[in-house]
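Below, chain A is the first sequence line, B the second, and so on; all start at residue 1.
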2 protein chains.
Amino acid sequence: MVYRRSPLMEERLANNRDRILLATRKLVAEGGFREAQIAAVAALAGMSTGMIYRYFPSKAELFVEVLGDAVGAEIELLSEIAGGPGSATERLSHALTCFVRRALRGPNLAYAFVFEPVDPEVDTARIRYRKKFGDVFKAILVDGIERGEFPDQDAGASAACIVGAFTEALVGPIGPTTRNIHDKERLVESIRSFCLRAVGGAFTQ
Amino acid sequence: MVYRRSPLMEERLANNRDRILLATRKLVAEGGFREAQIAAVAALAGMSTGMIYRYFPSKAELFVEVLGDAVGAEIELLSEIAGGPGSATERLSHALTCFVRRALRGPNLAYAFVFEPVDPEVDTARIRYRKKFGDVFKAILVDGIERGEFPDQDAGASAACIVGAFTEALVGPIGPTTRNIHDKERLVESIRSFCLRAVGGAFTQ
DNA sequence: TCAATTTTTGAATTTGTGTTCACTTTTTTA
DNA sequence: TAAAAAAGTGAACACAAATTCAAAAATTGA
């Protein structure tokens with residue numbers, strides 16, 4: 001045996017993997033999964049197509065990882081808010097504005113991640129992640145109902161409605177016309193107040 | 001010239017066209033656009049693939065027509081409710097329950113029509129139709145705000161939220177488990193009450 | 001029935017992409 | 001430096017699905 005992977009090489013390999021993930025994320029953010037073809041990913045990452053397959057067994061698994069990374073980060077943020085201090089109303093309000101503001105920075109990414117189906121394998125993962133978003137909101141709702149902040153309701157259905165409401169309101173106005181900061185904040189506020197009224201919480205702040 | 005299309009032939013041609021549309025709609029309802037391949041459509045309609053292209057210039061245009069027909073019917077129903085008698089709250093309530101009940105009968109169709117992207121051409125049409133749904137609800141909201149039934153709000157954003165809320169709540173729980181009629185009615189009621197609270201209307205009926 | 005014309009067929013072609021693999025280059029250690 | 005092994009390449013291949021088109025079947029009017 002005359003070859004053993006050196007630490008330097010090890011690092012380069014990890015680097016390559018990251019570059020693939022980064023390139024994919026970038027392409028998806030710009031034009032959805034549709035635009036993230038293996039050839040395009042390879043080109044953007046500055047490597048050959050064959051290279052991709054040293055790191056990922058298939059395009060679907062690459063997509064699932066990119067999706068998971070992005071969604072995971074969002075979920076983590078939201079969970080922190082959901083499990084944090086404050087009334088259920090406050091936490092719901094905070095979680096909503098936080099997510100919507102972030103999504104407005106990269107509308108296509110949000111679209112691709114939350115909506116765009118690709119192939120069955122990725123679709124399955126996407127639905128799982130969507131459900132996770134719902135679970136975060138459901139937890140807040142259940143808590144709020146227990147505390148008497150919100151009227152009794154099907155927390156699961158309401159959570160799904162919330163996820164649907166803000167994604168649709170976000171994705172609908174997608175377009176080349178990047179709206180200015182005022183419009184964005186107005187949209188954030190519209191979505192927030194809609195959802196807060198919807199769950200029946202006292203309309204504060 | 002010894003051949004002129006007879007009335008009988010004329011009818012057969014129109015019949016063929018209808019059979020293609022029907023077969024496509026059926027396949028889409030069962031498995032989404034993904035399952036509605038030209039070969040499958042042709043097989044179900046009992047004709048050859050080449051035949052399809054005598055009636056439709058491309059698969060995309062066939063899809064757009066199927067989509068338009070189905071959505072058009074729904075829009076017409078909703079518009080009638082929206083423009084009918086009653087308070088804005090009543091009409092919104094009625095429109096919601098009507099649409100959600102209908103969609104629950106064919107969840108896959110609803111999914112394909114409202115969500116599933118296919119190719120850019122169909123996608124464009126789909127977004128247009130989605131917007132139309134929103135417009136119906138927006139009209140009710142604008143009216144309700146004018147009458148003082150609903151608090152002041154961005155009717156466009158709220159309408160988008162409503163469309164998002166019920167589609168997500170509908171599509172989210174899609175699965176092979178056909179839910180029974182009780183669950184369905186409970187879901188209808190959950191969505192209805194969520195949206196009514198959301199627009200701030202007095203919670204009646 | 002027959003010739004002109006249209007309708008219908010479905011195998012072949014085209015197209016767009018994901019994936020592979022024989023080959024080249026680079027890295028490692030002796 | 002040289003041999004062994006791995007990393008890296010990208011043209012070729014595979015595959016699925018839309019589309020075409022030459023030939024076959026059906027229809028029409030004389």
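Residues Phe99(A) and Phe137(A) place their aromatic rings such that the two centres sit no closer than 6.0 Å.
Residue Arg5(A) places at least one side-chain N or O closer than 4.0 Å to OP1 or OP2 of dA7(D). Contact check, Arg12(B) against dA26(D): no side-chain N or O comes under 4.0 Å of OP1 or OP2. Residue Asn16(A) places at least one side-chain N or O under 4.0 Å from the OP1 or OP2 atom of dG8(D). Side-chain N/O atoms of Ser48(B) include one lying less than 4.0 angstrom from OP1 or OP2 on dT9(C).
For the side-chain contact (heavy atoms from CB on, under 4.5 Å) test, no residue two or more places apart in sequence or in another chain qualifies with Ala139(B).
Residue Glu10(A) qualifies as enclosed at atom CD: its count of foreign heavy atoms under 6.0 Å is above 12.
Nearest nucleotide to the side chain of Ile38(B), out of dA7(D), dA18(D), dG18(C): dA18(D). Candidate nucleotides dG10(C), dA7(D), dA18(D) were compared by shortest atom distance to the side chain of Thr49(B), and dG10(C) ranks first.
Residues Glu65(A) and Thr24(A) have side chains not in contact (no heavy-atom distance under 4.5 Å, counting atoms from C-beta outward). Between Arg186(B) and Asp154(A) there is no side-chain heavy-atom pair separated by less than 4.5 Å. Side-chain contact between Asp135(A) and Ile75(A) is absent, with no heavy atoms from C-beta onward closer than 4.5 Å. Put simply, the side chain of Tyr55(B) reaches to within 4.5 Å of the side chain of Leu13(B), judged on heavy atoms.
Gln37(A) places its CD atom 11 Å from the P atom of dG16(C), with the value rounded to the nearest Å. When the P atom of dT27(D) is taken as reference, atom CD of Glu11(B) falls 14 Å away, rounded to whole Å. In this structure, the CG atom of Asn15(A) is 18 Å from the P atom of dT26(C), given to the nearest Å. Computed from coordinates, the Met9(A) CE to dT28(C) P distance equals 6 Å when rounded to whole Å. Residue Arg17(B) contributes atom CZ, which lies 17 Å from atom C1' of dT7(C) at whole-angstrom precision. What separates CD of Glu10(A) from P of dA6(D) is a distance of 13 Å, to the nearest Å. In this structure, CG of Leu8(A) is placed 18 Å from P of dA6(D), rounded to the nearest angstrom.
When each of Pro7(B) and Ala39(B) is assigned the nucleotide of DNA chain D bearing its nearest heavy atom, the one mapping closer to the 5' terminus is Ala39(B).
At a threshold of 4.0 angstrom between heavy atoms, the contacts of Leu13(A) are confined to the sugar-phosphate backbone, with no base atom among them.
For DNA chain D, the residues of residues 50-59 of chain A within the heavy-atom distance limit of 4.0 Å (strictly under) are Gly50(A), Met51(A), Arg54(A), Tyr55(A), sorted by number.
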